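A note on names: the letters A, B, ... follow the listed sequences, proteins ahead of strands, and every chain is numbered from 1. Predicted, not measured: the structure shown is a model, and the values here were computed from it.
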Amino acid sequence: MSDPRPKELPKAYDPASVEKKWLERWEADGVFHADPAGTGPVFSMVIPPPNVTGILHMGHALNDTLQDIIARSKRMQGYRVLWMPGTDHAGIATQNVVEKSLAKEKIRREDLGRVAFVERVWKWRDEYGGTIVEQLRRLGCSCDWKRLRFTMDEGLSRAVREVFVRLFDRGLVYRSHYIVNWCPRCETALADEEVNHRDLDGAFYHIVYAVEGSEEKLVIATTRPETLLGDTGVGVHPEDERYRHLVGKHAILPILGRKLLIIGDPAIDPAFGTGALKITPAHDPVDFELGRKHHLPSVNIMEKNGNLNAEAGPYRGLSRFEARKRVVERLQADGLLVKTEPHRHAVGHCYRCDEVVEPRASEQWFVKMKPLAEPAIRAVESGEVRFFPNRWTKVYMEWMTNIRDWCISRQIWWGHRIPVYTASDGRYTAAHDEADARRRLGLEESAPLRQDEDVLDTWFSSWLWPFSTMGWPDASPELEAFYPTKTLVTGYEIIFFWVARMMMAGCEFMKQPPFSDIYIHGIVRDPTGAKMSKSKGNVIDPLSVIDRFGADGLRFGIISITSEGQDVYASEDRLEIGRNFANKIWNASRFAMMNLPPNLPEEMPPAPGPHERWILSRLEDAVQKTTSLLDAYHFNEAAGRLYDFFWGEFCDWYIELAKPQITRTDVAGTLRTVLETALKLLHPFMPFLTDEIHSILTGSQRSLDCAAWPRSLPGRRDEALENRVSRFLIEPVGAVRNKRAVHRIGAKETVQVSVSVTTDGVAEAFGEFSADLERLARARVACIQKGLPRPPKSVLALVTPEAELFVHLPESMDLEQERERLAAEAAQIQKYLHSVQAKLKNEKFINNAPEAVVREERRKAEESRVKLERLNENLRSLA
RNA sequence: GGGCAAUUAGCUCAGUUGGUUAGAGCGCUUCGUUCACAUCGAAGAGGUCGUAGGUUCGAAUCCUACAUUGCCCACCA
């Protein structure tokens with residue numbers, strides 16, 4: 001036992017210095033390092049890699065605290081824990097950030113050229129890319145930081161190339177001219193999942209198209225009139241009476257005068273709009289398919305940046321929005337705009353920059369997903385991989401079964417360049433490098449090759465994360481020891497982007513799903529339910545919370561306000577609970593450190609008193625519940641049980657009971673045992689605070705991460721004792737305090753208490769705790785006696801079938817008020833008694849309800865009956 | 001158009017397989033700083049569990065509708 005030197009312990013917990021110290025110590029001791037060559041059971045997880053441009057937000061705070069709780073508790077439970085950390089190169093996001101910073105110097109990326117630009121991004125990463133990692137450390141994340149990975153590391157890049165080549169060779173990766181989602185701001189294609197649809201108010205423009213060689217007119221409705229410049233056909237339903245005779249004829253495109261073949265296709269809904277559809281194969285997904293089917297030409301009218309090109313004739317160079325305006329004006333002037341009606345419809349937006357996305361036909365690379373999805377579906381179907389909460393299974397299945405091919409090429413510079421090489425004769429292949437490409441194409445060593453200009457979607461590296469971080473494609477000791485991982489913790493917003501794709505990659509390349517448990521948590525929102533975003537200015541900065549409340553305060557706070565599987569409404573006020581609890585733990589420990597006698601024997605003293613056996617019994621309950629709740633991923637319930645135990649049972653009752661007897665060995669020993677055990681249970685939630693207290697308390701400099709998780713000791717549970725404590729101690733104390741408060745008895749005054757009991761046994765039970773009652777309720781127990789009538793000038797404070805407790809009050813007591821209170825209580829019990837008696841008279845209840853339930857109801861009825869009788873007696877005697 | 005979630009105290013949420021006189025934190029009211037902690041202690045007020053039916057001896061809990069809110073998916077131009 002070291003000397004805690006209590007005088008130096010501050011009254012309030014001061015996280016700042018403590019956190020810094022322990023961060024360094026954990027790192028120095030290598031507590032978080034996982035050795036693949038070690039012995040014992042293994043537990044592994046990979047962090048959802050935050051964007052390298054990221055700064056810690058509340059979403060990370062929640063996600064990574066959850067993982068850290070798992071990691072630390074598993075470590076204490078004896079597992080060799082690997083929590084693999086790293087960051088994501090976040091192609092578009094990072095490129096945008098660097099482009100923005102270049103813009104301040106009035107430089108565009110084109111001015112620099114590809115090589116110099118990519119160098120700038122690397123430079124940016126070297127300078128700022130460590131920010132998020134530092135912040136995760138400050139949060140207390142027990143990742144194996146020595147293994148920090150980055151999706152553009154050489155090793156991970158090699159894995160990306162290997163995967164691309166394998167898929168190419170299997171025919172699962174292909175190049176195609178296809179309509180894709182195009183972000184004119186980022187100037188790149190996007191995957192379907194990267195487009196957010198929002199309903200916006202737009203207009204439905206009804207436009208007149210003339211029919212060639214006829215007086216007939218066709219009216220066509222569209223929401224994007226500017227795309228008519230790219231029309232190459234008109235479609236109608238083949239059985240539509242209004243239009244079927246026109247099929248095969250031509251319509252004349254307004255403004256440009258182009259001839260448009262009128263085709264019939266059952267895909268066209270005669271009931272929608274005017275029943276006639278303008279076909280713009282290059283700028284609409286439906287039209288693209290129709291165009292292909294009916295061999296219509298495709299006219300691309302848009303530049304990469306969304307401005308119109310030469311195909312748009314007079315509108316060349318205009319933005320798509322300006323062009324829309326001008327086209328509408330022109331149609332109006334020409335008398336071709338029949339009407340404009342308001343129309344609300346879904347408009348796609350870029351998930352990175354929120355620009356309105358345009359469908360645009362272009363040459364892109366795709367992954368054929370169906371064959372990859374099948375094993376990933378089976379793994380979940382069979383129960384090999386499970387979602388927590390389970391409802392996400394359906395969402396996953398739905399998406400997986402309807403999966404579409406994945407557009408993986410991006411027209412940006414920052415990312416893994418597509419490893420496809422084309423020879424001068426036009427033949428191409430995927431390859432690990434140029435030499436490999438020449439081999440595959442049967443070319444000479446010096447033959448010129450051109451590598452594809454595009455880079456891969458960021459998620460094309462993230463989907464390999466669980467094994468690329470462990471050294472794949474090599475057969476590494478890490479893969480051997482730590483793959484597959486056990487639990488993946490992530491938010492539901494990336495189930496499609498990431499979780500589903502990792503499942504597919506794991507099944508395909510490792511022949512084994514990458515994890516068995518998928519824990520899905522909600523999104524952190526502001527108190528009004530809006531997503532937190534910098535532009536809205538509603539973000540809570542976790543770092544400022546750490547500054548104010550400490551990392552442990554933030555961690556405990558965010559976990560306790562997060563109900564399972566639900567979104568979290570966070571505000572700094574709500575997080576205070578964590579800071580307050582940390583302070584409570586600090587002060588309870590401070591009490592222990594100031595009062596525990598030196599040279600206390602290590603082992604638990606034998607035959608402790610009833611208070612001690614009581615708190616040990618409650619501790620046992622806390623150990624059991626916390627352990628099983630954590631195993632089941634019920635994090636906030638586990639946190640809640642610990643909070644209740646520590647604050648509501650240990651501090652509120654046990655410490656108060658122990659105070660006068662703290663010099664006794666069994667009392668001090670119990671206090672220490674309970675505190676130490678509680679610190680261990682709390683450690684995964686609040687690692688800094690618990691390590692600090694533990695080190696002061698024991699002199700040990702080792703983290704509790706190295707301590708053993710508290711074992712359940714069922715022998716400590718004593719429910720009969722718990723029952724006695726609550727009936728003869730906790731309830732009487734509460735009752736006396738209540739009368740004191742109600743009758744405004746000053747805190748310094750002592751009140752007299754008498755107890756009337758029915759049996760000697762009950763008198764004894766009261767006697768066991770009467771000293772505690774006297775101290776905790778500032779009372780003096782005048783007498784405990786069988787059949788004692790209500791003493792004069794006293795009020796009934798507590799009534800049970802076997803006892804009545806009276807509090808003696810001064811002359812000034814208000815009898816009338818007291819009568820009202822008793823009468824109200826009697827009325828309430830009367831009402832309850834009626835309901836129970838009615839139940840017991842019901843034969844169906846007696847016959848159908850389990851015997852235990854019936855017995856319990858009988859007991860309650862009897863109890864209420866006796867209580868009511870006593871209450872009424874007292875009421876009469878008050879009159 | 002499909003699907004999912006939520007609806008319990010002023011606010012934010014618990015309430016495990018149907019059986020407690022429905023709980024917690026915050027906020028509110030009253031009282032209290034010799035005694036680990038005012039980031040605290042004590043006491044208290046506050047709820048027809050969204051609505052309407054149904055199943056059952058018994059429903060906040062199960063079923064069916066409906067309402068409100070939020071989210072996800074979907075090529076109706």
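If you check the side chains of A:N636 and A:Y643, you find no donor sitting under 3.5 Å from an acceptor. Inspection of the A:T280 and A:D231 side chains reveals an N or O donor paired with an N or O acceptor under 3.5 Å.
Listed pair A:H343 / B:A77 meets the phosphate criterion, a side-chain N or O lying under 4.0 Å from OP1 or OP2.
Distances from the side chain of A:R525 to the nucleotides B:C37, B:C71, B:C57 place B:C71 closest. The side chain of A:K11 lies closest to B:A38 when the candidates are B:G19, B:A38, B:A74.
A gap of 7 Å separates the P atoms of B:A14 and B:U7, to the nearest Å. Spacing of P atoms, B:G2 relative to B:U12, comes out at 30 Å, to the nearest Å. Comparing the P positions of B:U8 and B:U48 gives an interatomic distance of 12 Å, to the nearest angstrom.
For the pair A:L331/A:L228, a side-chain contact is recorded, criterion being any heavy-atom separation below 4.5 Å from C-beta on. Counting heavy atoms from C-beta outward, A:L190 and A:V180 have side chains that stay 4.5 Å or more apart.
Computed from coordinates, the A:F635 CZ to B:U16 P distance equals 20 Å when rounded to whole Å.
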### Task
Report the secondary structure of RNA chain B in dot-bracket form, marking unpaired bases with a dot and bases paired to a different strand with |, and treating Watson-Crick or G-U pairs with both distances under 3.5 Å as paired.
(((((((..((((.....[...)))).(((((.......))))).....(((((..]....))))))))))))....

### Contact state string [nucleotides 1-12 of chain B, B base, S sugar-phosphate only, - no protein heavy atom under 4.0 Å]
--SSSS-----S

